[in-house]
**Q** 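Just passing along the structure, written as structure tokens.
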Protein chains: 2
Amino acid sequence: MKPTLRAVAEAVGVSRSTVSNAYSRPDQLSTELRRRILDAAREMGYPGPDPTARSLRRGYVGAIGVLFTSRLSYAFTDPFATQFLTGVAQAAERHGSSLLLVPLPADAAGARKAVENAAVDGFCVYCGGDEEGEIVDAIRSRGLPFVTTSARPRAEDRWVGIDERAAARSVAEHLTGLGHRRVALLADRVLPDAAPGPVRVGDLADVPHPTTRERLAGFADAFAAVGVDWSQLTILSATDNSRPAGAAAVGAPDSLPEPITAVLACADVLALGALDTLREADRHLAVTGFDDIAEAAPVGLTTVRQPGVQKGRRAAELLLDPPVDTDAHQILLPTTLVVRTSAGPAPRS
Amino acid sequence: MKPTLRAVAEAVGVSRSTVSNAYSRPDQLSTELRRRILDAAREMGYPGPDPTARSLRRGYVGAIGVLFTSRLSYAFTDPFATQFLTGVAQAAERHGSSLLLVPLPADAAGARKAVENAAVDGFCVYCGGDEEGEIVDAIRSRGLPFVTTSARPRAEDRWVGIDERAAARSVAEHLTGLGHRRVALLADRVLPDAAPGPVRVGDLADVPHPTTRERLAGFADAFAAVGVDWSQLTILSATDNSRPAGAAAVGAPDSLPEPITAVLACADVLALGALDTLREADRHLAVTGFDDIAEAAPVGLTTVRQPGVQKGRRAAELLLDPPVDTDAHQILLPTTLVVRTSAGPAPRS
DNA sequence: GATCTAGTCTGAATCGATCCAGAGAGGGGA
DNA sequence: TCCCCTCTCTGGATCGATTCAGACTAGATC
């Protein structure tokens, strides 16, 4: 049986409050007594106030939850997620808070329960998929603060993100400028449970993942502007947001029928996967990514940069010390088109 | 004021126990009453039992702590750490546990306090530096289980790791086999607070970080075997375990005086940094790494592979459901020498 | 000498749940 | 009819601390 604060109090012959004060409010008792208490505690092997009991009484935990909508162990397959996490960690560290990474079960009810069971003071919701509604709802009903990075924030929520649609449009315009007209758009989980490869998406509204939807919409905008409409675009769905999944989606039969000259990916990892497959098949299509992760530069991937570390850092800051001014609750980060070598001009047909 | 379980009980007109059972032991009450309780709870906006209170009473938290000895935000600068974390996340996910990433202050007292304040059921201590003693001590006095990956585990502790020294020796032997005799060894924090670049290390025992020490010892073993002794080796210290730090250490004045033909790094990230600097300076030395992270293959880095994801997974498993057999508390993982192109034969002098 | 103040320390209430022994009610078997 | 068993539900103790108003002491002030 581990000794408790009470045991220490009895051993020293003081009240529990005093022992508590010895740990949490050294100015409330004489240094002499404090020393005696601490000594006795050490001797008894008392490790200091129990964190859980302390949290219960104090009403805060000292940890913020980070919620990934895909499986937690996938959180690290995309270096962009890692960048985000780095930023969150920076802010948390400065603030002295811990980071609770919560695995979310795939089903909505399970996810809800996971959110309800997390002992934290607030949440960073990263890259909200379709489940985000349920999750945010659960957080809200717990009355905890949260920050989203979702593509379409509510006005009253704290948010840090980018203009997904405009950013996507910027790469796509780069491609139209290079003469590409028949292209494939590559994204993670375009439709739920789709096999890797081409999928029919009648209407963009059918795409459940908001970020994916916005990016695809941005791509579509650029092509619409040069007279290529949605139905002429090939949509490739990957099973998850990873390099192998990108490779598999592009490698599926009929993924890239003849007239296609370029692949626009919704994430660099997917683009890198696409490049893997194309290299192997010795096909030379233009490929673009999204995020500008570290691996993008060495292979010359043309992409859109978004400041990942900063995104995480500002999100956590928004949570940990929110600005008094409510107008500052939403932070729009800049994006930049980074032109490298992976996407050259379309071959003249 | 958020409603509590008590409030729900009063609203429905049942005891608190019954409401509690409605959430945690559905078989203990009639479905009819349970439905009524849950409905009332929803209506009142009661989000379910408070996780902190529940943890206090139940005596467990449902989270495991992951301790990085360097700053938490640096935890993600080394992809190997990310691999480890992925593995831990996999096991945690399967077990339904959360992951608490705890930022450790640089000072021992602060680190101790951080450990004492973490609300978790156990710890994974990753890549223990010199501070590990203090940390493990703090964990032990809390009476919590833990797993280390340290280079020199105590027999009674749970551990998963590799034979650091033998693994390091294997790359080094590869280099001696290629004729390299005058080399530099590159490591993170060889001596506390050393500036980037060459440092004098009279005795390996002076190196505080056990993993670094073991790897350097392994390198030294191989060179000793061909008659090159410790004093003839150049030791380069990096300020932290990251690619830029590796580049800086190698780029310092006098880091690589003339006869040197190879750089043996204690981590792939450092090796990649070294390659950056060497490429820029147009010097063609042999370079080897350690870990075999994803970035190693594309640049042809010769290195030692250790199974990172598996390391994390097994560590977490050891924590979450420990084998009954105490002999199975220590798991030695295999390493493999991966020969690529970054280290060719030494030029004939 | 009475009053005030500052410095220490105490006791009881409280945070929000879970657990366990046991009370009542209703049904079945002898 | 009586006893036992099962199914529901209750009350009170408990997890391990923090908090806050107040008690007590001793020295300072007038």
Side-chain angles (χ1 to χ4, degrees), chain A residues 1-38 40-41 44-62 113 116-121 141-144, chain B residues 1-38 40-41 44-62 113 116-121 141-144:
Chain A
M1 198 60 188
K2 283 267 102 190
T4 67
L5 179 145
R6 162 181 234 126
V8 176
E10 282 164 4
V12 181
V14 296
S15 77
R16 316 214 296 296
S17 328
T18 303
V19 178
S20 174
N21 285 335
Y23 284 95
S24 317
R25 307 189 164 184
D27 56 314
Q28 292 296 299
L29 73 175
S30 64
T31 41
E32 151 62 8
L33 178 57
R34 179 168 132 92
R35 207 185 38 65
R36 256 176 56 218
I37 292 174
L38 262 31
M44 302 172 62
Y46 175 65
D50 178 272
T52 307
R54 176 191 290 234
S55 296
L56 173 59
R57 183 63 244 237
R58 287 192 166 167
Y60 76 95
V61 180
K113 186 160 289 182
E116 287 167 347
N117 286 333
V120 295
D121 301 316
S141 82
R142 277 190 62 182
L144 291 178
Chain B
M1 198 59 188
K2 283 269 103 188
T4 67
L5 180 146
R6 161 180 235 127
V8 176
E10 283 165 4
V12 182
V14 295
S15 76
R16 313 210 303 297
S17 327
T18 303
V19 178
S20 175
N21 285 336
Y23 283 94
S24 316
R25 308 188 161 185
D27 57 314
Q28 292 297 301
L29 72 176
S30 64
T31 42
E32 150 61 9
L33 178 56
R34 178 167 132 92
R35 206 185 40 65
R36 254 176 58 217
I37 291 175
L38 263 30
M44 299 172 65
Y46 174 67
D50 178 273
T52 307
R54 176 191 290 234
S55 297
L56 173 59
R57 183 63 244 237
R58 287 190 168 169
Y60 76 97
V61 180
K113 185 161 289 182
E116 287 167 348
N117 286 334
V120 296
D121 301 317
S141 83
R142 277 189 63 180
L144 291 178

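Each chain gets a letter, A, B and so on, in the order its sequence line appears, and its residues count up from 1.
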**Q** To the nearest Å, give me how far apart CZ (B/Arg34) and C1' (D/dC7) are.
**A** 17 Å
**Q** Measure CD/B/Glu10 against C1'/D/dT10 and give the value in whole Å, please.
**A** 14 Å
**Q** What pair of heavy atoms forms the shortest contact from A/Ala119 to A/Val61, and how long is it?
**A** O-CG1, 3.4 Å
**Q** For the pair made of CG in B/Leu56 and P in C/dT14, what is the distance, rounded to whole Å?
**A** 17 Å
**Q** For B/Arg54 versus B/Pro49, what's the shortest heavy-atom pair and its separation?
**A** NH2-CG, 3.0 Å
**Q** Rounded off to whole Å, could you give me the CD1-to-C1' distance for the A/Ile37 and C/dT8 pair?
**A** 11 Å
**Q** Mind listing the closest non-hydrogen atom pair of B/Lys2 and A/Ser141 along with its distance?
**A** NZ-O, 2.9 Å
**Q** Measure the distance from CG on B/Asn117 to P on D/dG16 and round it to the nearest whole Å.
**A** 17 Å
**Q** Is any side-chain N or O of B/Ser30 closer than 4.0 Å to OP1 or OP2 of D/dC9?
**A** yes
**Q** Would the distance check show the side chain of A/Arg16 and the main-chain N or O of A/Arg6 forming a donor-acceptor pair, the cut-off being under 3.5 Å?
**A** no
**Q** Using atom names, set out every protein N or O paired with an N or O of nucleotides 17-20 of chain C below 3.5 Å, distance rounded to 0.1 Å.
**A**
from   : atom 1 : to      : atom 2 : distance (Å)
C/dA17 : OP1    : B/Tyr46 : OH     : 2.8
C/dA17 : OP1    : B/Asp50 : N      : 2.7
C/dA17 : OP2    : B/Leu5  : N      : 2.5
C/dA17 : N6     : B/Arg16 : NH2    : 3.1
C/dT18 : OP1    : B/Ser24 : OG     : 3.2
C/dT18 : OP2    : B/Ser20 : OG     : 2.2
C/dT18 : O2     : B/Arg57 : NH1    : 2.7
C/dC19 : OP2    : B/Arg25 : NH2    : 3.3
C/dC19 : N4     : B/Ser17 : OG     : 3.2

**Q** Please name the pair of heavy atoms, one in A/Val12 and one in A/Ala40, separated by the smallest distance, quoted to 0.1 Å.
**A** CG2-CB, 3.6 Å
**Q** Whole Å only: how far is the NZ atom of B/Lys2 from the C1' atom of C/dG16?
**A** 14 Å
**Q** Between A/Asp27 (CG) and C/dA6 (C1'), how many Å, whole number?
**A** 13 Å
**Q** Measuring to OP1 and OP2 of C/dC9, would you say a side-chain N or O of A/Ser15 lies under 4.0 angstrom away?
**A** no
**Q** Between the protein and nucleotides 24-26 of chain D, which nitrogen or oxygen pairs are less than 3.5 angstrom apart?
**A**
none

**Q** Taking the side chain from B/Asp121 and the backbone from B/Gly62, do they hold a donor-acceptor pair closer than 3.5 Å?
**A** yes
**Q** Indicate yes or no: at least one non-hydrogen side-chain atom of A/Arg142 is less than 4.5 angstrom from one of B/Pro51.
**A** yes
**Q** What residue among A/Val14, A/Val19, A/Thr18 forms side-chain contact (heavy atoms from CB on, under 4.5 Å) with A/Val8?
**A** A/Val19
**Q** Just wondering, do A/Leu144 and A/Val120 contact through their side chains at under 4.5 Å, heavy atoms?
**A** yes
